[in-house]
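Only a predicted model underlies this, so the values are computations on that prediction, with no experimental measurement involved. Reminder, nothing fancy here: chain letters follow the sequence lines and each chain counts from 1. What's counted below: heavy atoms across the whole structure, side chains too, no hydrogens, waters or symmetry copies.
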Protein chains: 2
Amino acid sequence: MDEETDGVPQNRPAARDVDATDRKILGVLVDDATISYAELGDRVGLSPPAAHERVKRLRRSGAIRNTAAIIDPKAVRKPLLAFVHIDTKGWGKTPELMAISERPEVEEIHSVAGDTCMLIKVRTEDTRALEGLLSRLYETPGVTSTRSYVVLSTYLERPVQPGITTEWPSPRHMAKPLY
Amino acid sequence: MDEETDGVPQNRPAARDVDATDRKILGVLVDDATISYAELGDRVGLSPPAAHERVKRLRRSGAIRNTAAIIDPKAVRKPLLAFVHIDTKGWGKTPELMAISERPEVEEIHSVAGDTCMLIKVRTEDTRALEGLLSRLYETPGVTSTRSYVVLSTYLERPVQPGITTEWPSPRHMAKPLY
DNA sequence: ATTGATACAGAATTTAATACGGCCATTATG
DNA sequence: CATAATGGCCGTATTAAATTCTGTATCAAT
(Lines give C-alpha, C1' and ligand atoms only; values in the text may rest on other atoms or scores of the structure.)
Protein backbone atom coordinates (compact mmCIF):
# COMPACT_ATOMS: atom_id res chain seq x y z
CA MET A 1 0.00 0.00 0.00
CA ASP A 2 1.07 3.49 -0.34
CA GLU A 3 1.17 6.84 -1.89
CA GLU A 4 2.41 10.25 -0.99
CA THR A 5 4.26 10.70 2.25
CA ASP A 6 2.18 11.32 5.34
CA GLY A 7 2.67 14.93 6.19
CA VAL A 8 2.04 16.71 9.43
CA PRO A 9 -1.11 18.73 8.91
CA GLN A 10 0.07 22.31 8.51
CA ASN A 11 -3.44 23.54 8.11
CA ARG A 12 -6.72 21.99 9.03
CA PRO A 13 -8.55 21.60 5.73
CA ALA A 14 -11.22 18.94 6.01
CA ALA A 15 -11.53 18.25 9.73
CA ARG A 16 -14.77 16.34 9.41
CA ASP A 17 -14.83 14.09 12.45
CA VAL A 18 -14.11 10.41 12.14
CA ASP A 19 -17.18 8.24 11.69
CA ALA A 20 -17.66 4.54 12.43
CA THR A 21 -16.14 3.49 9.10
CA ASP A 22 -13.10 5.65 9.72
CA ARG A 23 -12.63 4.01 13.10
CA LYS A 24 -12.82 0.60 11.52
CA ILE A 25 -10.18 1.69 9.01
CA LEU A 26 -7.97 3.05 11.75
CA GLY A 27 -8.41 -0.16 13.69
CA VAL A 28 -7.25 -2.21 10.73
CA LEU A 29 -4.33 0.06 9.85
CA VAL A 30 -3.04 0.21 13.42
CA ASP A 31 -2.78 -3.56 13.31
CA ASP A 32 -1.23 -3.71 9.87
CA ALA A 33 -0.73 -0.89 7.42
CA THR A 34 0.90 -3.11 4.79
CA ILE A 35 -2.32 -4.53 3.38
CA SER A 36 -3.63 -3.45 -0.01
CA TYR A 37 -6.55 -1.08 -0.44
CA ALA A 38 -8.46 -4.03 -1.86
CA GLU A 39 -7.96 -5.94 1.39
CA LEU A 40 -8.75 -2.88 3.49
CA GLY A 41 -11.89 -2.26 1.47
CA ASP A 42 -12.99 -5.84 1.99
CA ARG A 43 -12.57 -5.61 5.74
CA VAL A 44 -14.55 -2.42 6.16
CA GLY A 45 -17.05 -2.91 3.36
CA LEU A 46 -15.82 -0.48 0.73
CA SER A 47 -14.40 -0.65 -2.78
CA PRO A 48 -10.64 -0.21 -3.07
CA PRO A 49 -10.81 3.37 -4.38
CA ALA A 50 -13.30 4.35 -1.67
CA ALA A 51 -11.05 2.92 1.02
CA HIS A 52 -8.17 4.78 -0.55
CA GLU A 53 -10.11 8.02 -0.50
CA ARG A 54 -10.92 7.58 3.17
CA VAL A 55 -7.32 6.89 4.08
CA LYS A 56 -6.14 9.93 2.13
CA ARG A 57 -8.61 12.05 4.04
CA LEU A 58 -7.54 10.59 7.37
CA ARG A 59 -3.96 11.48 6.50
CA ARG A 60 -4.80 14.97 5.34
CA SER A 61 -6.82 15.69 8.46
CA GLY A 62 -4.00 14.46 10.66
CA ALA A 63 -5.97 11.60 12.20
CA ILE A 64 -3.27 9.35 10.79
CA ARG A 65 -0.11 11.11 11.82
CA ASN A 66 2.29 8.72 10.23
CA THR A 67 2.69 5.22 8.91
CA ALA A 68 5.69 3.76 10.64
CA ALA A 69 7.69 0.62 11.18
CA ILE A 70 7.46 -0.47 14.80
CA ILE A 71 10.86 -1.66 15.91
CA ASP A 72 11.62 -4.29 18.48
CA PRO A 73 13.73 -2.50 21.11
CA LYS A 74 15.84 -5.62 21.61
CA ALA A 75 16.79 -5.66 17.94
CA VAL A 76 18.41 -2.26 18.32
CA ARG A 77 20.01 -3.14 21.64
CA LYS A 78 17.71 -1.28 23.97
CA PRO A 79 16.30 -3.96 26.25
CA LEU A 80 16.15 -1.74 29.33
CA LEU A 81 13.07 0.40 29.80
CA ALA A 82 12.73 2.98 32.57
CA PHE A 83 10.48 5.84 33.58
CA VAL A 84 12.04 8.81 35.32
CA HIS A 85 10.29 11.46 37.36
CA ILE A 86 12.27 14.61 37.74
CA ASP A 87 11.26 17.37 40.11
CA THR A 88 12.04 20.77 38.75
CA LYS A 89 12.02 24.31 40.02
CA GLY A 90 9.17 25.59 37.91
CA TRP A 91 8.08 24.01 34.68
CA GLY A 92 9.42 24.11 31.43
CA LYS A 93 10.91 23.25 28.33
CA THR A 94 14.37 24.46 29.26
CA PRO A 95 17.07 24.31 26.60
CA GLU A 96 18.95 21.79 28.71
CA LEU A 97 16.00 19.45 28.90
CA MET A 98 15.38 19.81 25.21
CA ALA A 99 18.99 18.82 24.61
CA ILE A 100 18.25 15.60 26.44
CA SER A 101 15.34 14.98 24.12
CA GLU A 102 17.72 14.63 21.21
CA ARG A 103 19.12 11.41 22.59
CA PRO A 104 17.50 8.53 20.69
CA GLU A 105 17.08 6.71 24.01
CA VAL A 106 14.53 9.27 25.18
CA GLU A 107 11.09 8.41 23.89
CA GLU A 108 8.72 10.57 25.83
CA ILE A 109 8.81 13.77 27.87
CA HIS A 110 5.68 14.96 29.62
CA SER A 111 4.94 17.58 32.21
CA VAL A 112 2.73 16.38 34.98
CA ALA A 113 -0.06 17.99 37.00
CA GLY A 114 0.30 18.61 40.71
CA ASP A 115 3.98 18.79 41.46
CA THR A 116 6.30 20.64 39.21
CA CYS A 117 7.62 17.48 37.71
CA MET A 118 8.40 15.89 34.41
CA LEU A 119 7.92 12.29 33.44
CA ILE A 120 10.41 10.80 31.02
CA LYS A 121 10.47 7.44 29.30
CA VAL A 122 13.85 6.09 28.27
CA ARG A 123 15.15 2.90 26.70
CA THR A 124 18.81 2.01 27.02
CA GLU A 125 21.22 -0.79 26.28
CA ASP A 126 22.04 -1.46 29.92
CA THR A 127 22.10 -0.02 33.42
CA ARG A 128 25.38 1.72 32.64
CA ALA A 129 23.79 3.71 29.84
CA LEU A 130 20.80 4.44 32.04
CA GLU A 131 23.12 5.72 34.73
CA GLY A 132 24.75 8.08 32.26
CA LEU A 133 21.38 9.38 31.13
CA LEU A 134 20.21 9.86 34.72
CA SER A 135 23.30 11.72 35.83
CA ARG A 136 22.94 13.95 32.81
CA LEU A 137 19.36 14.60 33.79
CA TYR A 138 20.31 15.29 37.39
CA GLU A 139 22.91 17.81 36.28
CA THR A 140 20.33 19.70 34.25
CA PRO A 141 19.79 23.16 35.77
CA GLY A 142 16.51 23.43 37.65
CA VAL A 143 16.30 19.71 38.42
CA THR A 144 16.08 19.16 42.18
CA SER A 145 15.56 15.41 42.36
CA THR A 146 14.92 12.35 40.27
CA ARG A 147 13.20 9.08 40.88
CA SER A 148 13.59 6.18 38.48
CA TYR A 149 11.28 3.30 37.82
CA VAL A 150 13.05 0.51 36.03
CA VAL A 151 10.70 -1.82 34.23
CA LEU A 152 11.09 -5.51 35.02
CA SER A 153 8.66 -6.77 32.48
CA THR A 154 6.11 -5.38 30.11
CA TYR A 155 2.70 -7.02 29.97
CA LEU A 156 1.14 -4.75 27.40
CA GLU A 157 2.46 -2.19 24.98
CA ARG A 158 0.51 -1.01 22.02
CA PRO A 159 -0.19 2.10 19.99
CA VAL A 160 -3.20 4.38 20.34
CA GLN A 161 -6.30 2.30 19.72
CA PRO A 162 -9.25 3.81 17.89
CA GLY A 163 -11.65 1.64 19.94
CA ILE A 164 -15.34 2.32 19.97
CA THR A 165 -16.01 4.65 22.87
CA THR A 166 -17.99 2.73 25.43
CA GLU A 167 -19.25 3.78 28.81
CA TRP A 168 -17.79 2.56 32.05
CA PRO A 169 -20.39 1.33 34.48
CA SER A 170 -20.64 4.09 37.07
CA PRO A 171 -19.39 2.88 40.40
CA ARG A 172 -22.40 2.53 42.69
CA HIS A 173 -20.98 4.75 45.37
CA MET A 174 -20.32 7.57 42.99
CA ALA A 175 -22.83 10.27 42.19
CA LYS A 176 -23.32 11.38 38.65
CA PRO A 177 -21.25 14.47 38.09
CA LEU A 178 -23.10 17.75 37.79
CA TYR A 179 -21.60 18.68 34.46
CA MET B 1 5.14 -0.27 -0.32
CA ASP B 2 4.42 -3.64 0.68
CA GLU B 3 3.81 -7.31 0.76
CA GLU B 4 2.84 -10.05 3.11
CA THR B 5 1.56 -9.17 6.53
CA ASP B 6 4.16 -8.64 9.22
CA GLY B 7 3.94 -11.63 11.45
CA VAL B 8 5.12 -12.06 14.96
CA PRO B 9 8.20 -14.26 14.72
CA GLN B 10 7.12 -17.65 16.02
CA ASN B 11 10.52 -19.07 15.46
CA ARG B 12 13.87 -17.38 15.18
CA PRO B 13 15.12 -18.35 11.74
CA ALA B 14 17.67 -15.80 10.54
CA ALA B 15 18.53 -13.75 13.60
CA ARG B 16 21.62 -12.19 12.07
CA ASP B 17 22.09 -8.98 13.96
CA VAL B 18 21.25 -5.65 12.40
CA ASP B 19 24.15 -3.92 10.67
CA ALA B 20 24.64 -0.26 9.85
CA THR B 21 22.59 -0.52 6.65
CA ASP B 22 19.75 -2.17 8.55
CA ARG B 23 19.80 0.67 11.06
CA LYS B 24 19.62 3.20 8.28
CA ILE B 25 16.66 1.33 6.84
CA LEU B 26 14.94 1.20 10.22
CA GLY B 27 15.60 4.90 10.69
CA VAL B 28 13.92 5.69 7.40
CA LEU B 29 10.96 3.37 7.93
CA VAL B 30 10.27 4.63 11.43
CA ASP B 31 9.86 8.06 9.94
CA ASP B 32 7.78 6.97 6.99
CA ALA B 33 6.97 3.43 5.92
CA THR B 34 4.89 4.52 2.92
CA ILE B 35 7.81 5.18 0.59
CA SER B 36 8.58 2.86 -2.31
CA TYR B 37 11.46 0.41 -2.26
CA ALA B 38 13.04 2.51 -4.98
CA GLU B 39 12.99 5.53 -2.68
CA LEU B 40 14.20 3.49 0.27
CA GLY B 41 16.99 2.01 -1.81
CA ASP B 42 18.07 5.47 -2.89
CA ARG B 43 18.28 6.71 0.65
CA VAL B 44 20.39 3.85 1.95
CA GLY B 45 22.37 3.13 -1.21
CA LEU B 46 20.79 -0.09 -2.45
CA SER B 47 18.82 -1.25 -5.47
CA PRO B 48 15.08 -1.62 -4.95
CA PRO B 49 15.12 -5.42 -4.78
CA ALA B 50 18.04 -5.36 -2.36
CA ALA B 51 16.24 -2.92 -0.09
CA HIS B 52 13.19 -5.13 -0.35
CA GLU B 53 15.22 -8.17 0.64
CA ARG B 54 16.59 -6.39 3.69
CA VAL B 55 13.17 -5.26 4.81
CA LYS B 56 11.78 -8.77 4.41
CA ARG B 57 14.59 -10.08 6.57
CA LEU B 58 14.02 -7.42 9.20
CA ARG B 59 10.39 -8.44 9.34
CA ARG B 60 11.13 -12.14 9.49
CA SER B 61 13.64 -11.69 12.26
CA GLY B 62 11.16 -9.61 14.24
CA ALA B 63 13.28 -6.46 14.22
CA ILE B 64 10.33 -4.82 12.51
CA ARG B 65 7.42 -5.94 14.63
CA ASN B 66 4.75 -4.26 12.63
CA THR B 67 4.04 -1.53 10.15
CA ALA B 68 1.31 0.57 11.63
CA ALA B 69 -0.69 3.73 11.23
CA ILE B 70 0.08 6.11 14.09
CA ILE B 71 -3.13 7.74 15.19
CA ASP B 72 -3.56 11.18 16.66
CA PRO B 73 -5.16 10.57 20.06
CA LYS B 74 -7.26 13.70 19.69
CA ALA B 75 -8.79 12.39 16.47
CA VAL B 76 -10.21 9.42 18.34
CA ARG B 77 -11.29 11.52 21.30
CA LYS B 78 -8.59 10.62 23.76
CA PRO B 79 -6.91 13.89 24.62
CA LEU B 80 -6.21 12.99 28.25
CA LEU B 81 -3.03 11.08 29.02
CA ALA B 82 -2.17 9.70 32.45
CA PHE B 83 0.28 7.36 34.09
CA VAL B 84 -0.90 5.29 37.03
CA HIS B 85 1.23 3.53 39.62
CA ILE B 86 -0.58 0.80 41.42
CA ASP B 87 0.87 -0.90 44.46
CA THR B 88 0.00 -4.53 44.60
CA LYS B 89 0.33 -7.36 47.07
CA GLY B 90 2.88 -9.41 45.19
CA TRP B 91 3.42 -9.19 41.48
CA GLY B 92 1.60 -10.44 38.73
CA LYS B 93 -0.41 -10.75 35.83
CA THR B 94 -3.64 -11.41 37.66
CA PRO B 95 -6.72 -12.20 35.59
CA GLU B 96 -8.33 -9.02 36.87
CA LEU B 97 -5.47 -6.87 35.73
CA MET B 98 -5.42 -8.58 32.39
CA ALA B 99 -9.11 -7.79 32.02
CA ILE B 100 -8.20 -4.13 32.40
CA SER B 101 -5.70 -4.50 29.60
CA GLU B 102 -8.51 -5.20 27.18
CA ARG B 103 -9.78 -1.65 27.48
CA PRO B 104 -8.58 0.26 24.42
CA GLU B 105 -7.70 3.20 26.70
CA VAL B 106 -4.92 1.17 28.31
CA GLU B 107 -1.74 1.40 26.27
CA GLU B 108 0.97 0.02 28.50
CA ILE B 109 1.29 -2.18 31.56
CA HIS B 110 4.70 -2.71 33.11
CA SER B 111 5.91 -4.21 36.33
CA VAL B 112 8.49 -2.13 38.10
CA ALA B 113 11.59 -2.97 40.11
CA GLY B 114 11.83 -2.15 43.79
CA ASP B 115 8.32 -1.94 45.12
CA THR B 116 5.74 -4.43 44.10
CA CYS B 117 4.11 -2.02 41.76
CA MET B 118 2.79 -1.73 38.26
CA LEU B 119 2.98 1.24 35.97
CA ILE B 120 0.10 1.81 33.59
CA LYS B 121 -0.33 4.28 30.77
CA VAL B 122 -3.86 5.26 29.85
CA ARG B 123 -5.48 7.67 27.44
CA THR B 124 -9.08 8.73 27.95
CA GLU B 125 -11.67 11.11 26.61
CA ASP B 126 -11.93 13.13 29.81
CA THR B 127 -11.42 13.09 33.56
CA ARG B 128 -14.71 11.28 34.00
CA ALA B 129 -13.51 8.35 31.94
CA LEU B 130 -10.20 8.41 33.76
CA GLU B 131 -12.04 8.28 37.07
CA GLY B 132 -13.94 5.22 35.93
CA LEU B 133 -10.77 3.49 34.85
CA LEU B 134 -9.03 4.35 38.12
CA SER B 135 -11.86 3.12 40.32
CA ARG B 136 -11.92 -0.07 38.32
CA LEU B 137 -8.19 -0.43 38.91
CA TYR B 138 -8.56 0.29 42.60
CA GLU B 139 -11.22 -2.38 42.91
CA THR B 140 -8.92 -4.96 41.36
CA PRO B 141 -8.04 -7.63 43.96
CA GLY B 142 -4.48 -7.27 45.25
CA VAL B 143 -4.29 -3.56 44.56
CA THR B 144 -3.52 -1.65 47.76
CA SER B 145 -3.09 1.87 46.47
CA THR B 146 -2.87 3.91 43.32
CA ARG B 147 -1.15 7.12 42.38
CA SER B 148 -2.01 8.95 39.18
CA TYR B 149 0.07 11.31 37.16
CA VAL B 150 -2.04 13.29 34.76
CA VAL B 151 -0.06 14.72 31.89
CA LEU B 152 -0.43 18.44 31.31
CA SER B 153 1.54 18.60 28.13
CA THR B 154 3.74 16.35 26.10
CA TYR B 155 7.03 17.71 24.85
CA LEU B 156 8.23 14.59 23.09
CA GLU B 157 6.60 11.37 22.03
CA ARG B 158 8.11 9.12 19.46
CA PRO B 159 8.57 5.45 18.63
CA VAL B 160 11.65 3.38 19.34
CA GLN B 161 14.56 4.97 17.49
CA PRO B 162 17.22 2.77 15.93
CA GLY B 163 19.87 5.48 16.61
CA ILE B 164 23.53 4.72 16.34
CA THR B 165 24.69 3.66 19.78
CA THR B 166 26.97 6.37 21.08
CA GLU B 167 28.80 6.60 24.35
CA TRP B 168 27.86 8.99 27.08
CA PRO B 169 30.77 10.95 28.39
CA SER B 170 31.52 9.38 31.78
CA PRO B 171 30.75 11.83 34.54
CA ARG B 172 34.07 12.92 35.99
CA HIS B 173 33.19 11.96 39.55
CA MET B 174 32.25 8.46 38.56
CA ALA B 175 34.69 5.59 38.48
CA LYS B 176 34.67 3.20 35.61
CA PRO B 177 32.62 0.18 36.60
CA LEU B 178 34.53 -3.00 37.35
CA TYR B 179 32.58 -5.10 34.89
C1' DA C 1 42.10 -23.59 -5.44
C1' DT C 2 37.24 -24.98 -5.21
C1' DT C 3 32.87 -25.05 -3.28
C1' DG C 4 29.07 -22.93 -1.09
C1' DA C 5 26.52 -19.25 0.73
C1' DT C 6 25.18 -14.48 0.81
C1' DA C 7 24.12 -10.07 -0.96
C1' DC C 8 23.47 -7.53 -4.72
C1' DA C 9 21.99 -5.49 -9.48
C1' DG C 10 19.22 -5.54 -13.67
C1' DA C 11 15.43 -7.09 -16.34
C1' DA C 12 10.80 -9.21 -16.66
C1' DT C 13 6.41 -10.03 -14.73
C1' DT C 14 2.62 -9.51 -11.77
C1' DT C 15 0.07 -6.90 -8.66
C1' DA C 16 -1.46 -2.81 -6.55
C1' DA C 17 -1.93 2.24 -6.40
C1' DT C 18 -3.85 6.03 -8.65
C1' DA C 19 -6.77 8.72 -11.90
C1' DC C 20 -11.06 9.15 -14.23
C1' DG C 21 -16.03 9.09 -15.29
C1' DG C 22 -20.57 8.20 -13.94
C1' DC C 23 -24.18 7.24 -10.37
C1' DC C 24 -26.88 7.92 -6.28
C1' DA C 25 -28.09 10.22 -2.04
C1' DT C 26 -28.21 14.08 0.73
C1' DT C 27 -28.16 19.02 1.31
C1' DA C 28 -28.29 23.67 -0.04
C1' DT C 29 -30.73 27.13 -2.91
C1' DG C 30 -33.82 29.62 -5.94
C1' DC D 1 -41.39 22.33 -4.40
C1' DA D 2 -38.08 21.82 -7.81
C1' DT D 3 -33.40 21.93 -8.88
C1' DA D 4 -28.69 22.55 -8.57
C1' DA D 5 -24.55 21.29 -6.02
C1' DT D 6 -21.98 18.49 -3.21
C1' DG D 7 -19.97 14.33 -1.29
C1' DG D 8 -19.17 9.58 -1.24
C1' DC D 9 -19.11 5.65 -3.68
C1' DC D 10 -18.34 2.13 -7.56
C1' DG D 11 -16.28 0.23 -11.94
C1' DT D 12 -12.83 0.68 -15.20
C1' DA D 13 -8.40 2.23 -17.22
C1' DT D 14 -3.82 3.62 -16.58
C1' DT D 15 0.42 3.99 -14.33
C1' DA D 16 3.64 2.82 -10.87
C1' DA D 17 5.50 -0.21 -7.70
C1' DA D 18 6.11 -4.80 -5.68
C1' DT D 19 7.81 -9.15 -6.60
C1' DT D 20 10.17 -12.77 -9.10
C1' DC D 21 13.92 -14.45 -11.65
C1' DT D 22 18.60 -14.83 -13.25
C1' DG D 23 23.29 -13.88 -13.29
C1' DT D 24 27.48 -12.10 -10.82
C1' DA D 25 30.75 -10.70 -7.28
C1' DT D 26 32.44 -11.37 -2.66
C1' DC D 27 33.67 -13.82 1.28
C1' DA D 28 34.29 -18.01 4.18
C1' DA D 29 35.19 -22.55 4.79
C1' DT D 30 36.81 -26.82 3.09
Side-chain angles (χ1 to χ4, degrees), chain A residues 1-7 9 11-70 75 162, chain B residues 1-7 9 11-70 75 162:
Chain A
M1 155 158 201
D2 163 80
E3 70 238 63
E4 83 289 348
T5 260
D6 308 311
N11 37 15
R12 219 146 261 302
R16 217 205 49 170
D17 68 339
V18 297
D19 63 14
T21 304
D22 289 328
R23 282 192 184 250
K24 274 202 252 179
I25 289 174
L26 293 174
V28 171
L29 294 185
V30 162
D31 261 14
D32 184 359
T34 69
I35 60 174
S36 67
Y37 288 112
E39 172 75 17
L40 177 60
D42 265 356
R43 297 212 200 154
V44 303
L46 287 176
S47 71
H52 184 206
E53 203 53 53
R54 290 264 189 170
V55 172
K56 273 197 290 188
R57 200 183 47 193
L58 288 167
R59 287 199 220 268
R60 272 200 313 270
S61 73
I64 296 178
R65 283 182 169 165
N66 191 9
T67 299
I70 309 298
Chain B
M1 155 161 195
D2 205 273
E3 67 239 73
E4 84 286 350
T5 259
D6 309 311
N11 37 16
R12 228 149 253 301
R16 217 207 48 173
D17 67 339
V18 297
D19 63 13
T21 304
D22 288 327
R23 282 192 185 251
K24 274 201 252 179
I25 289 174
L26 292 175
V28 171
L29 294 185
V30 162
D31 261 13
D32 185 358
T34 70
I35 61 175
S36 68
Y37 287 112
E39 172 74 18
L40 177 61
D42 266 356
R43 297 213 201 154
V44 303
L46 288 176
S47 69
H52 185 204
E53 204 52 54
R54 290 264 189 169
V55 173
K56 274 198 291 188
R57 201 183 45 199
L58 288 167
R59 287 199 220 267
R60 271 200 312 271
S61 73
I64 296 178
R65 283 181 170 165
N66 191 8
T67 299
I70 310 297

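- Qualifying side-chain contact (heavy atoms from CB on, under 4.5 Å) partners for A:Glu39, counting only residues two or more places apart in sequence or in other chains: A:Ile35, A:Ser36, A:Arg43.
- C:dT14 atom C1' lies 15 Å from atom OH of B:Tyr37, rounded to whole Å.
- Atom pair B:Asp42:CG and C:dC8:C1' shows a separation of 15 Å (rounding to whole Å applied).
- Overall, the helix from C:dA1-D:dT30 to C:dG30-D:dC1 carries an axis bend of 30° between its ends, with five pairs at each end and the value rounded to 10°.
- Spacing between atom CG of B:Asp19 and atom C1' of C:dC8 amounts to 13 Å, rounded to whole angstrom units.
- Applying the side-chain contact (heavy atoms from CB on, under 4.5 Å) criterion to B:Thr21, with sequence neighbours excluded, gives B:Asp19, B:Ile25, B:Leu46, B:Arg54.
- For A:Ala63, the side-chain contact (heavy atoms from CB on, under 4.5 Å) criterion is met by A:Val18, A:Leu58, A:Ser61, B:Ala75, not counting sequence neighbours.
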Quick test: give all pairs of protein nitrogen or oxygen and nucleotides 6-9 of chain D nitrogen or oxygen below 3.5 Å, distance rounded to 0.1 Å.
{"residue": "D:dG8", "atom": "OP1", "partner": "A:Arg16", "partner atom": "NH1", "Å": "2.7"}
{"residue": "D:dG8", "atom": "OP1", "partner": "A:Arg57", "partner atom": "NH1", "Å": "3.3"}
{"residue": "D:dC9", "atom": "OP1", "partner": "A:Arg54", "partner atom": "NE", "Å": "3.3"}
{"residue": "D:dC9", "atom": "OP1", "partner": "A:Arg54", "partner atom": "NH2", "Å": "2.7"}
{"residue": "D:dC9", "atom": "OP2", "partner": "A:Arg54", "partner atom": "NE", "Å": "3.3"}

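- Between A:Ile35 atom CD1 and C:dA16 atom C1' the separation is 13 Å, expressed in whole Å.
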Which atom pairs link the protein and nucleotides 22-24 of chain C when you take only N or O atoms and keep those under 3.5 Å?
none

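- Nucleotide D:dA17 holds its P atom 13 Å from the NE2 atom of A:His52, rounded to whole Å.
- B:Ile70 has its side chain within reach of A:Ile70: a pair of non-hydrogen atoms, C-beta onward, lies under 4.5 Å apart.
- Between the NZ atom of A:Lys56 and the P atom of C:dA16 there is a distance of 19 Å, rounded to whole Å.
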